[in-house]
Amino acid sequence: MRILVVGGTGLIGAHVVEVLGERGHAVTTVARSGDVDHVLDAGSAQVEDLRPLLAGHDGVVYAARTDEQRPLRKPIHPAFRRDMVDPVVRLFMAARAEGLTRGVVMGSYYTYFDRLHPQWRLTERHTYIRSRVEQAREGRAAAGPSLPVAVLELPFVFGRAGDRLPNWAGPLDGWARSRAPLAAPIGGTAATSARHVAEVAADALEQASGEDIPVADENLTWHDMISRIAEAVGRGRRVRRLPAGLVRAALRSGGALQSLGGKESGINPAHFSGLLLARLFIEPVSGRSLDTALRETFTEATSAR
């Protein structure tokens with residue numbers, strides 16, 4: 001196949017390019033900057049800009065990254081739509097017009113939990129999650145029935161690609177190496193590696209899957225994750241338990257301060273404790289160990305710092 005990868009220089013996009021190449025597929029890369037086949041801001045590109053890039057391809061992968069934590073002036077939903085939903089709609093309108101037959105969008109595992117636990121009212125409480133749901137629904141509508149679009153629902157992703165790291169790796173690395181005490185709340189998260197995400201994406205393209213695909217290698221409590229990060233950086237310190245009441249109070253205060261300033265984040269701090277203190281576990285998991293990807297992440301974080 002011939003596949004266009006939007007965001008081909010990012011952590012996940014670079015792994016997708018590598019895996020597709022290993023499987024004998026031809027890849028074209030697009031990104032805002034860097035060593036790519038086409039330099040283009042997919043966030044602002046119009047359908048007529050995208051059609052020439054997509055012409056002659058069988059499939060497309062959308063792997064552009066979004067920062068859900070950045071605080072913006074209220075109302076924030078229009079900005080998140082412009083950043084997350086509209087570019088995907090335009091991309092798949094162009095892909096449909098050019099006769100592509102398969103697509104993949106890198107999404108979030110929050111949409112998995114929104115389906116699993118509607119009583120959590122995640123789309124009501126968090127603009128980022130609402131926008132992820134809209135991204136999948138409206139992107140698929142734009143693609144139409146002859147262009148199935150798989151949405152990979154991704155948790156924490158470990159790994160590296162050159163100097164590309166997860167956007168949260170630097171702060172966690174600095175904390176793990178500091179003299180500050182390490183503490184973790186109850187709850188936990190699913191986690192995976194960038195390599196595994198790329199392999200699932202390649203499978204979805206080869207099978208022309210249009211499914212929602214939650215991706216996970218291990219389910220980790222926050223205590224386990226922070227302990228393993230500390231071990232990876234060579235600081236085998238005890239990780240204390242962080243009281244749930246303290247977490248709730250701190251996040252509520254953060255949400256109130258944001259609101260007083262007329263701002264809001266995609267993941268609303270006022271409601272974030274319900275997610276942070278839950279076990280956001282995906283079943284089934286692949287069972288692959290994350291040790292290698294975890295070491296790569298924090299070894300690279302060290303050199304990047």
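It should be emphasised that the depicted structure is a prediction, and the values quoted were computed from it without experimental measurement. In what follows, every heavy atom counts, from backbone to side chain, and hydrogens, waters and symmetry copies are set aside.
The minimum heavy-atom distance linking Arg2 with Ala55 is given by the pair NH1-O, 4.0 Å. Here the closest non-hydrogen pair linking Pro87 and Asp83 is CG-O, 3.5 Å. When every heavy atom of Ala201 is checked against every heavy atom of Val104, the shortest pair comes out as O-CG2, 3.9 Å. Looking at every heavy atom in both residues, Phe281 comes nearest to Thr221 through CZ-N, 4.2 Å. Across all non-hydrogen atoms, the minimal contact from Ser131 to Val85 is O-CG2, 3.5 Å. For the pair Pro166 and Gly159, the tightest heavy-atom approach, listed with the atom from each and the gap, is CD-O, 3.4 Å.
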Side-chain donor-acceptor pairs under 3.5 Å in residues 242-256, sequence neighbours left out?
unit_1, atom_1, unit_2, atom_2, d
Ser253, OG, Ala249, O, 3.0

Donor-acceptor contacts, no H, no angles, side chain residues 7-19, under 3.5 Å, sequence neighbours left out:
unit_1, atom_1, unit_2, atom_2, d
His15, NE2, Arg160, O, 2.8

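Note that the CG atom of Leu182 and the CZ atom of Arg238 stand 10.5 Å from one another [nearest 0.5 Å]. Rounded to the nearest 0.5 angstrom, Asp114 CG and Leu116 CG are separated by 10.0 Å. Here the CG atom belonging to Leu205 is positioned 5.0 Å from the CE atom belonging to Met1, to the nearest 0.5 angstrom. To the nearest 0.5 Å, atoms CG (Leu290) and CG (Asp217) are separated by 5.0 Å. Summarising the geometry, atom OG1 belonging to Thr189 is positioned 5.5 Å from atom CE belonging to Met225; distances are rounded to the nearest 0.5 Å. Atom CG of Leu220 and atom OG of Ser227 lie 10.0 Å apart (nearest 0.5 Å).
For Tyr109, the ring pair (Phe, Tyr, Trp, His ring centres under 6.0 Å) partners at least two apart in sequence or on another chain are Phe113. Annotation: salt bridge (charged side-chain N to carboxylate O under 4.0 Å, His left out) contacts of Asp86 (sequence neighbours excluded): Arg81. Applying the salt bridge (charged side-chain N to carboxylate O under 4.0 Å, His left out) test to Arg121 and every residue at least two apart in sequence or in another chain returns Glu124. Scored by the ring pair (Phe, Tyr, Trp, His ring centres under 6.0 Å) test, His38 finds no partners at all (sequence neighbours excluded). When the salt bridge (charged side-chain N to carboxylate O under 4.0 Å, His left out) test is applied to Arg51, the partners found at least two apart in sequence or on another chain are Glu98. Asp41 is linked by a salt bridge (charged side-chain N to carboxylate O under 4.0 Å, His left out) to Arg32, counting only residues two or more places apart in sequence or in another chain.
Remark: side-chain polar atoms of Thr123 are not paired, donor with acceptor, to backbone N or O of Ile129 under 3.5 angstrom. Panel note: side chain Asn219, backbone Ile282; a donor-acceptor pair is recorded below 3.5 Å. Judged by distance alone, the side chain of Gln135 and the main-chain N or O of Met84 form a donor-acceptor pair under 3.5 Å. Between the His196 side chain and the Ser193 main chain, no donor and acceptor come within less than 3.5 Å of each other. Between the side chain of Arg90 and the backbone N or O of Gly43 there is at least one donor-acceptor pair closer than 3.5 Å. No donor-acceptor pair closer than 3.5 Å links the side chain of Arg177 to the backbone N or O of Gly234. Distance alone, capped at 3.5 Å, is enough to place a donor-acceptor pair between the Gln46 side chain and the Ser44 backbone.
In this structure, Leu100 is a member of the same hydrophobic cluster as Phe92, with clusters built from ILVMFWY side-chain heavy atoms closer than 4.5 Å. In the hydrophobic clustering of this structure, Met106 does not group with Leu280; members are Ile, Leu, Val, Met, Phe, Trp, Tyr whose side-chain heavy atoms approach within less than 4.5 Å, directly or through other members. In the hydrophobic cluster analysis, where Ile, Leu, Val, Met, Phe, Trp and Tyr join through side-chain heavy atoms closer than 4.5 angstrom, Leu172 is grouped apart from Leu154. No path of Ile, Leu, Val, Met, Phe, Trp and Tyr side chains, each step under 4.5 Å between heavy atoms, connects Tyr110 with Val215, placing them in separate hydrophobic clusters. Hydrophobic clustering (ILVMFWY, side-chain heavy atoms < 4.5 Å, transitive): Val133 and Leu122 are in distinct clusters.
The aromatic rings of His271 and His126 stand perpendicular to each other, their planes meeting at an angle above 60°, with 30° marking the opposite boundary.
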Report task. Test Thr28 against Leu53 for side chain to side chain contact (heavy atoms under 4.5 Å, CB included), laying out the working first. Result -> CA-CA 9 Å; Thr28 305; Leu53 300 182; over 6 Å; no
Report task. Before giving the answer on side chain to side chain contact (heavy atoms under 4.5 Å, CB included), spell out for Val60 and Leu147 the whole-Å C-alpha distance, their side-chain angles and the decisive distance to 0.1 Å. Result -> CA-CA 10 Å; Val60 59; Leu147 200 176; 5.5 Å; no
Query - Criterion side chain to side chain contact (heavy atoms under 4.5 Å, CB included) on Asp173 and Leu165, from CA distance to verdict - result: CA-CA 11 Å; Asp173 180 85; Leu165 292 163; over 6 Å; no
Requested in this report: Decide side chain to side chain contact (heavy atoms under 4.5 Å, CB included) for Trp175 and Ile229; before the verdict, give the C-alpha distance in whole Å, the side-chain angles of both, and the deciding distance to 0.1 Å.
Outcome: CA-CA 10 Å; Trp175 180 39; Ile229 290 169; over 6 Å; no
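Listed by first then second residue, pairs satisfying salt bridge (Lys or Arg N to Asp or Glu O under 4.0 Å) with a partner in residues 221-233 read Glu218-Arg228, Arg228-Asp291, not counting sequence neighbours. Within the structure, salt bridge (Lys or Arg N to Asp or Glu O under 4.0 Å) contacts touching residues 197-208 (residues at least two apart or in different chains) are Arg23-Asp203, Arg23-Glu206, Arg195-Glu199, Glu199-Arg288. Within the structure, salt bridge (Lys or Arg N to Asp or Glu O under 4.0 Å) contacts touching residues 141-159 (residues at least two apart or in different chains) are Arg115-Glu153.
Counting only N and O atoms by type, the side chains of Asp58 and Thr101 include no donor and acceptor under 3.5 Å apart. Of the N and O atoms on the side chains of Asn268 and Gln258, not one donor lies less than 3.5 Å from an acceptor on the other residue.
Put simply, the residue from Val30, Leu40, Val6, Leu4 that forms a side chain to side chain contact (heavy atoms under 4.5 Å, CB included) with Leu50 is Leu40. Leu91 pairs with exactly one of Val149, Val47, Leu54 by the side chain to side chain contact (heavy atoms under 4.5 Å, CB included) rule, that one being Leu54.
Met93 CE: 12 or fewer foreign heavy atoms inside a 6.0 Å radius. More than 12 heavy atoms of other residues, nucleotides or ligands shown are found within 6.0 angstrom of NZ on Lys74.
Annotation: side chain of Tyr128 is in contact with side chain of Ser108 (closest heavy-atom distance under 4.5 Å).
Other residues sharing a hydrophobic cluster with Val39 under the 4.5 Å side-chain heavy-atom criterion for ILVMFWY residues are Val36.
Judged by the 6.0 Å and 45° rule, Arg70 forms a cation-pi pair with Phe80.
Ring to ring, Phe156 and Trp222 are close: their centroids are under 6.0 angstrom apart.
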